[in-house]
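Since this is a predicted model, take the numbers as computed values, not measurements.
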There are 2 protein chains.
Amino acid sequence: MNTRMADHVREALEQMIITGEFADGERLDEIRLAERFNVSRTPLREAFQVLAASGLVELLPRRGAFVRHPAFHEMIEMFEVMAEMEAFCGRLAARRVTPEVLAEIRATVIACEAAVEAGDTDGYYRENERFHHLIYTASGNEFLAGEAQRLHRRLQPFRRMQLRVRGRMAQSLTEHRQILDALEAGDSVTAEAVLRDHVAVQGSKFNDLIASYKQSNLRAKPQPVAMRG
Amino acid sequence: MNTRMADHVREALEQMIITGEFADGERLDEIRLAERFNVSRTPLREAFQVLAASGLVELLPRRGAFVRHPAFHEMIEMFEVMAEMEAFCGRLAARRVTPEVLAEIRATVIACEAAVEAGDTDGYYRENERFHHLIYTASGNEFLAGEAQRLHRRLQPFRRMQLRVRGRMAQSLTEHRQILDALEAGDSVTAEAVLRDHVAVQGSKFNDLIASYKQSNLRAKPQPVAMRG
DNA sequence: GTCAAACTTTTTGTATACAAGATTTTGATT
DNA sequence: AATCAAAATCTTGTATACAAAAAGTTTGAC
């Protein structure tokens, strides 16, 4: 357990930002937040530094901390990178995955099947997270796994939007099974290709994403180019 | 110009860590460093948070900030990811590069040729940095470019070690030219493949890296597994 | 009514103070 | 001499104080 207030505050703010509690460009008021979390400004400002490092807020010197939601094109860019990272994980995993991790992956696919049959979206979401996390681990490259997990986390809210689309869960499951098969067969080419398509935003997924992005409160407000970094 | 002491201190510490001024596992003494930089502990600690976020130091609650050099296998993992990111940049760049950026890339290759002929290692190093940075930009994916640059920066000292190896500069240059040709031809397959091999640590490069790693003062001290994250 | 200069209020960045948790030292005991 | 516990010392984490910069407000000239 971590006893540092700064860490606690960082986690809380991170969650608040990711769940869209602040509008894009909104200033994080040190004094109000300090009161709200019952801490002084010192740990709060330490939290700001970390949030800025992960890109969730932008620190303008002598102006303050401003929350920064990705513009639509930035989100597309992030998904493009995510797809490639997962594809790479899959390629490595097909060669390196251990029997233990493979067994765990198999278990999540079975759990996903159950969730789809039960129409349990939350359950599916949870198992889906576990599936992807395991793919990262299976790559046998801890650094890669860490980076993939970091980006995955960043995209969490947008992925959640996506899963709500009708029929998306069933299609996702089919792909999970294909990936599992490829890993079991040691087929790195298929594992890579299916994972890339699984994550990439293309075809009808693109239009679905536009729709959910517009509805969400994680939109970036359109701004003159000059104001953006 | 940034007037914040915290930022200045962060940059200075970053450079000191990257250039091997601290041993792996060494504790960063807040009081001594505060005196050295002529600041109080507050901005110093803000700098620590950012350094921790980028993995340069590890923050152990109520114990302090400890510098963290990558173990050899971690460095190999980072290069594996770097190779893949650059390969991806190359693939995208072959399709998306603008005439302006392509012209700049051409210019760096010419400058690299001059540096090799003059035996100017520093000059080559500088142009090499510019070349890779331009490849990232050419991908047309700003997020990808940012992440690639971040990792590139992290690997900076190890790459520098590598370039000192005899004959390495000339081989690097040949590959730069091949990459440029592929981009001009819009040949994404070749651009991707050559860039991957260009960055990847394999074959004789692996042995060279072992040698320079051992000599450098960026080694991680071997530790019982339990003590590592 | 508009604009800008001067003043006021807020807010940031940094220093300092202090409590609580680690670490080291000391000294007693075996 | 080795071991352990209590005391002393050092460090971290947080609160608070304060100077300087930014934002907001008033006043006055045109």
Separation of D:dT12 atom C1' from B:Arg32 atom CZ, nearest Å, is 17 Å
To the nearest angstrom, how far is B:Leu28 atom CG from D:dT12 atom C1'? 14 Å
Spacing between B:Arg62 atom CZ and C:dA20 atom P, to the nearest angstrom: 10 Å
DNA chain D: A:Pro61 or A:Asp7, which has the more 5' nearest nucleotide? A:Asp7
From CD of B:Glu30 across to P of C:dT16 the rounded distance in Å is 15 Å
With under 30° as parallel and over 60° as perpendicular, where do the rings of B:Phe131 and B:His176 fit, or are they tilted in between? parallel
Quick check: do B:Glu14 and B:Leu56 have side-chain heavy atoms less than 4.5 Å from each other? yes
Here the distance between atom P of D:dT11 and atom CD of B:Glu26, to the nearest Å, is 14 Å
Any B:His132 side-chain heavy atom under 4.5 Å of B:Met82 side chain: no
Salt bridge between B:Glu147 and B:Arg150, side-chain N to carboxylate O under 4.0 Å? yes
Students often mix this up, so state it plainly: with edges at 30° and 60°, are the rings of A:His133 and A:Tyr136 parallel, tilted or perpendicular? perpendicular
Nearest-Å distance, CD (B:Glu46) to P (C:dT14)? 7 Å
A:Arg45 vs C:dG13: side-chain N/O to OP1/OP2 distance below 4.0 Å: yes
Between B:Arg63 and C:dT23, does any side-chain N or O lie under 4.0 Å from OP1 or OP2? yes
Using whole Å, report how far CZ of B:Phe48 lies from C1' of D:dT14. 16 Å
Both A:Thr42 and A:Ala65 contact DNA chain C. Taking the nearest nucleotide for each, which residue is further toward the 5' end? A:Ala65
Report yes or no: is there a donor-acceptor pair, N or O only, under 3.5 Å between the side chain of A:Arg41 and the base of C:dG13? yes
I want to check one thing: is the phosphate of C:dT12, taken as OP1 and OP2, less than 4.0 Å away from some side-chain N or O of A:Arg27? yes
When you measure from the side-chain N and O atoms of B:Ser40 to the phosphate of C:dA15, is any distance below 4.0 Å, counting only OP1 and OP2? yes
When the distance from CG of A:Asn38 to C1' of D:dT14 is rounded to whole Å, what number comes out? 13 Å
